[in-house]
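One structure is given here, and the rest of the page talks about it.
Bear in mind the structure is a predicted one, so any value in this text is a computation, not a measurement. Residue numbers run from 1 in the order of the sequence given.
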Amino acid sequence: MTDTPGRPVASYLAPSATGEVDIDLPVPGRALAIGAHPDDIDFGCGATLAKWAAAGCTVTELVLTDGSKGSWDPEVDRAALVALRQNEQRAAAAALGAGDVVFLGHVDGELDSGLAERAEVCRVIRQVRPDVVLGHDPWKRYRLHPDHRHAGFLTVEGIVAARDPHFFPDQGLSPHRPACLLLWEAGEVDHLEGIEGFVPAKLAALLAHRSQWESTMGIDTDRAAQEQAFETRIRERAADAGAAAGLSLAEAFKRIDRL
């Protein structure tokens, strides 16, 4: 891989054939996953990150909001919740073998994909210099949560800004063009990452988000049974994704490598 602002080496990634699903990128040297909230990255690409980290990839996670609305308790101390969710995300990242976790701290539910936010994401991309970026698909139809939509646009637009020296030159950072973008929860899936052997790491990361057990994972009254049911749902989702290309378990993405 080249670390210059020009186009990446053509042989690094071969474009997928039209209408086909391709499988498994070469393990990148550096990967950056961008999520709207704590736990989004773990749901979207946790096993892929664990697989790459085990193979020597340096993984960085960027969480855009503070997670301060992530509770069904109307009396919750929101400042305490923010601190708790950061600690949970760090524990989740450790379970995947990821390195740094960067928090931008925008208010949960109030994220915008404006120019200032784009500059923040651009800065992180230029600092981390990832070969592969992963994030939400902003174009998924009928997407309900605005933070997921805005996070997806910030990922895409942050890449455009990071690659061009005339965007945000005041940052004093060299431009950087990643080789590939993988979007999870994609409206059009054309890439799978096989995750056989890495579902346990994904589950460990997800279960590190203790504050989300009741609201997101359905774990509240019978921990053993409901945790098993949650694991079953995660494995079934991975099996369904892999079936498109004969894989036992996979995470599914839209792949864009003309960046």
Using every non-hydrogen atom in the two residues, find where [X] and [Y] come nearest and quote the distance to one decimal.
X      : Y      : answer
Cys45  : Ala33  : SG-CB, 4.1 Å
Ala241 : Leu192 : O-CD1, 3.4 Å
Val121 : Leu104 : CG2-CD1, 4.4 Å
Asp131 : Gly29  : OD2-N, 2.9 Å
Asp137 : Gly187 : OD2-N, 2.9 Å
Leu249 : Ala239 : CD2-N, 3.8 Å

Regarding [X] and [Y], does a basic nitrogen lie under 4.0 Å from an acidic carboxylate oxygen?
X      : Y      : value
Asp42  : Lys202 : no
Arg255 : Asp257 : yes
Arg237 : Glu251 : no
Arg78  : Asp108 : no

Does any donor atom in the side chain of [X] or [Y] lie under 3.5 Å from an acceptor atom in the other side chain?
X      : Y      : answer
Thr58  : Arg30  : no
Asp220 : Gln226 : yes
Glu157 : Ser113 : no
His106 : Asp66  : no

Measuring from atom [atom1] of [X] to atom [atom2] of [Y], what distance do you get when rounded to the nearest 0.5 angstrom?
X      : Y      : atom1 : atom2 : answer
Phe253 : Asp22  : CZ    : CG    : 11.5 Å
Glu231 : Leu207 : CD    : CG    : 8.5 Å
Leu259 : Arg177 : CG    : CZ    : 7.5 Å
Ile125 : Arg118 : CD1   : CZ    : 11.5 Å
Thr48  : Trp184 : OG1   : CH2   : 10.5 Å
Ser211 : Asp39  : OG    : CG    : 8.0 Å

Working for side-chain contact (heavy atoms from CB on, under 4.5 Å), residues Arg123 and Leu173: CA-CA 8 Å; Arg123 176 184 292 277; Leu173 298 167; 3.9 Å; yes

Hey, does [Y] have a side-chain heavy atom less than 4.5 Å from the side chain of [X]?
X      : Y      : answer
Phe103 : Thr65  : no
Leu181 : Leu183 : yes
Arg223 : Trp213 : yes
Leu25  : Leu182 : yes
Glu88  : Pro38  : no
Asp190 : Lys254 : yes
Pro138 : Thr155 : no

Between His37 and His145, does the ring centre distance come in under 6.0 Å? yes

Do the side chains of [X] and [Y] join up, straight or via other hydrophobic residues, at under 4.5 Å, putting them in one cluster?
X      : Y      : result
Phe198 : Val27  : no
Ile159 : Ile256 : yes
Val199 : Phe43  : yes
Phe168 : Val133 : no
Phe153 : Leu32  : yes

Looking at Val128, Val132, Leu134, which hits side-chain contact (heavy atoms from CB on, under 4.5 Å) with Pro130? Val128

Kindly assign one of parallel, tilted or perpendicular to the pair His136 and His148, based on the angle between their ring planes and the thresholds 30° and 60°. parallel

[X] (side chain) donor-acceptor with [Y] (main chain) under 3.5 angstrom:
X      : Y      : result
Ser68  : Val82  : no
Gln89  : Ile41  : no
Glu193 : Ile23  : no
Asp24  : Gly194 : yes
Gln212 : Gly70  : yes
Arg126 : Arg163 : no
Glu117 : Gly114 : yes

Are Leu206 and Phe230 close enough, and set up right, to give a side-chain contact (heavy atoms from CB on, under 4.5 Å), and what steps lead you there? CA-CA 10 Å; Leu206 287 166; Phe230 177 67; 3.9 Å; yes

side-chain contact (heavy atoms from CB on, under 4.5 Å) between Leu96 and Val59, worked out: CA-CA 9 Å; Leu96 300 179; Val59 174; over 6 Å; no

Assess the residue pair Thr60 and Leu62 against the criterion (side-chain contact (heavy atoms from CB on, under 4.5 Å)); give the C-alpha distance rounded to whole Å, side-chain angles, the decisive distance to 0.1 Å, and a yes or no. CA-CA 7 Å; Thr60 301; Leu62 172 60; 5.9 Å; no

